[in-house]
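The chains referred to below are lettered A, B, ... by the order of the sequence lines, with proteins before strands, and numbering in each begins at 1. Note that the coordinates shown come from a computational prediction; the quantities given were computed from them, not determined experimentally.
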2 protein chains.
Amino acid sequence: MKYFNDNLDKTDITAQHLDTIKKVKQQMTAEETLYDLAELFKVFGDSTRIKILSALFYSEMCVGDIAITLGMTQSAISHQLRVLKQAKLVRYRREGKIVYYALDDDHVKQIFHQGLDHINEGRD
Amino acid sequence: MKYFNDNLDKTDITAQHLDTIKKVKQQMTAEETLYDLAELFKVFGDSTRIKILSALFYSEMCVGDIAITLGMTQSAISHQLRVLKQAKLVRYRREGKIVYYALDDDHVKQIFHQGLDHINEGRD
DNA sequence: ACAACATATGAACATATGAACATAAGTTAA
DNA sequence: TTAACTTATGTTCATATGTTCATATGTTGT
């Protein structure tokens, strides 16, 4: 791509490109925020974690029950719950030796459903 | 976790666990859908792709301009645009040798903003 | 304190992923 | 057709990620 040339016919196009780049740069969300956003979506971007969240839509659950429900090991679930916890997508409460996990806020459901809408639109 | 035992005092708890597992399994979104959903969010879960989407919020752009805007190679951008294209998050139109990319539908913006809301809530 | 149970964590391994480089493919103008 | 330009793609490499296994931590009841 040529942004500096001596061809007069292309000067306008070049200027337009430079202008677009400049304006978009100014308007774009801060890089740090975008980085955090990508980190958040990365958490949603794993089928095990999505399944855990999906399960917690209907009931708070303990680690062992989630493992049984998804047919996975307790360890794998625990590791992923830690990721979900760090992203503040789930919260937990302890009752004796059992730890119950639940969805942390409504954004989880909303993000989840927007995603479903996108998928379903593609299935028209 | 013990689901079958002869301790009468714990029978109710056990039954409750089994009941929860059964009900959640019945209500949960189909596994295949959850898999697709994870794939979708995986696309959002990369800072380069998020930056591209963020840039396209403000203007359709050609590949080279996106590369300059983000300070990355044309190749890297093109590869990621292919991923975004496959996920139907962006569409493109060709004008001569230049290919302009744009956001494909409103779900992108909505998912993006729900994500921002979640992040900002954590910053209270 | 000890045994039994539920959950968390560390290490190792296999797989997945993103970026860069080189180059191919497609488009336009001369 | 050739040259110049824009975009797409194949390959390689370094790194990130998820699962398993073994074990640690924490809790309850005896």
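Of the side-chain N and O atoms in T48(A), none sit less than 4.0 angstrom from OP1 or OP2 of dG18(D). Phosphate proximity of dC5(D) to Q74(B): absent, as no side-chain N or O sits under 4.0 Å from OP1 or OP2. Considering only side-chain N and O atoms, R94(A) lies nowhere under 4.0 angstrom from the phosphate OP1 or OP2 of dT7(C). R82(A) has no side-chain polar atom (N or O) that falls below the 4.0 Å cut-off from OP1 or OP2 of dT7(C). Side-chain N/O atoms of Q80(A) include one lying less than 4.0 angstrom from OP1 or OP2 on dT19(D). For dT7(D), neither phosphate oxygen OP1 nor OP2 lies less than 4.0 angstrom from any side-chain nitrogen or oxygen of S78(B). For Y101(A) and dA6(C), the shortest distance from a side-chain N or O to OP1 or OP2 is not below 4.0 Å.
Aromatic ring orientation, H17(B) versus Y100(A): tilted (interplanar angle from 30° to 60°).
Between A76(A) and E39(A), the residue anchored closer to the 5' end of DNA chain D is E39(A), taking for each the nucleotide with the nearest heavy atom. Each of R49(A) and E95(A) has a nearest nucleotide on DNA chain D; the 5'-most of these lies closest to R49(A).
A straight line from CD1 of I68(B) to C1' of dT7(D) spans 14 Å, rounded to a whole angstrom. Taking atom CG of residue L81(B) and atom C1' of nucleotide dA8(D), one finds them 11 Å apart after rounding to whole Å. What separates OH of Y100(B) from P of dG26(C) is a distance of 21 Å, to the nearest Å. Distance, R93(B) CZ to dT6(D) P: 16 Å, rounded to whole Å. For the pair I98(B) CD1 and dC5(D) C1', the computed distance is 9 Å after rounding to whole Å. Between H17(A) atom NE2 and dC5(D) atom P there is a gap of 14 Å when expressed in whole angstrom units. Rounded to whole angstrom, the span from the CD1 atom of I66(B) across to the P atom of dA8(D) amounts to 10 Å. If you measure from atom CD of Q86(B) to atom C1' of dA8(D), you get 12 Å, rounded to the nearest angstrom.
Among the nucleotides dT17(D), dT7(D), dT27(D), the one closest to any side-chain atom of K97(A) is dT27(D). Residue V99(A) has its side chain nearest to dT7(C) when only dT17(C), dT6(D), dT7(C) are considered. Of the candidates dT17(D), dT19(D), dT7(C), the closest approach to any side-chain atom of M72(A) belongs to dT19(D).
Contact annotation for Y92(A): no contact, since no heavy-atom pair falls under 4.0 Å across all strands.
Looking only at distances, a side-chain donor or acceptor of R94(A) sits under 3.5 Å from a matching main-chain atom of G96(A). S54(B) places no side-chain N or O within donor-acceptor distance of the main-chain N or O of I50(B), the cut-off being under 3.5 Å.
Under the Watson-Crick and G-U wobble criteria, each requiring two contacts below 3.5 Å, nucleotide dC21(D) is paired to dG10(C).
You won't find any donor-acceptor pair under 3.5 Å spanning the side chain of S75(A) and the base of dT7(C), going by distance alone.
Closest approach of V43(B) to R49(B), counting heavy atoms only: O-NE, 2.7 Å.
A stacked arrangement is not assigned to H79(A) and the six-membered base ring of dT19(D), the conditions of a centre distance below 5.5 Å and an interplanar angle below 30° not being jointly met.
Because its NZ or CZ atom is both nearer than 6.0 Å to the ring centre of Y92(A) and within 45° of the ring axis, K85(A) counts as a cation-pi partner of that residue.
In this structure, F57(A) has its ring center closer than 6.0 angstrom to the ring center of H113(A).
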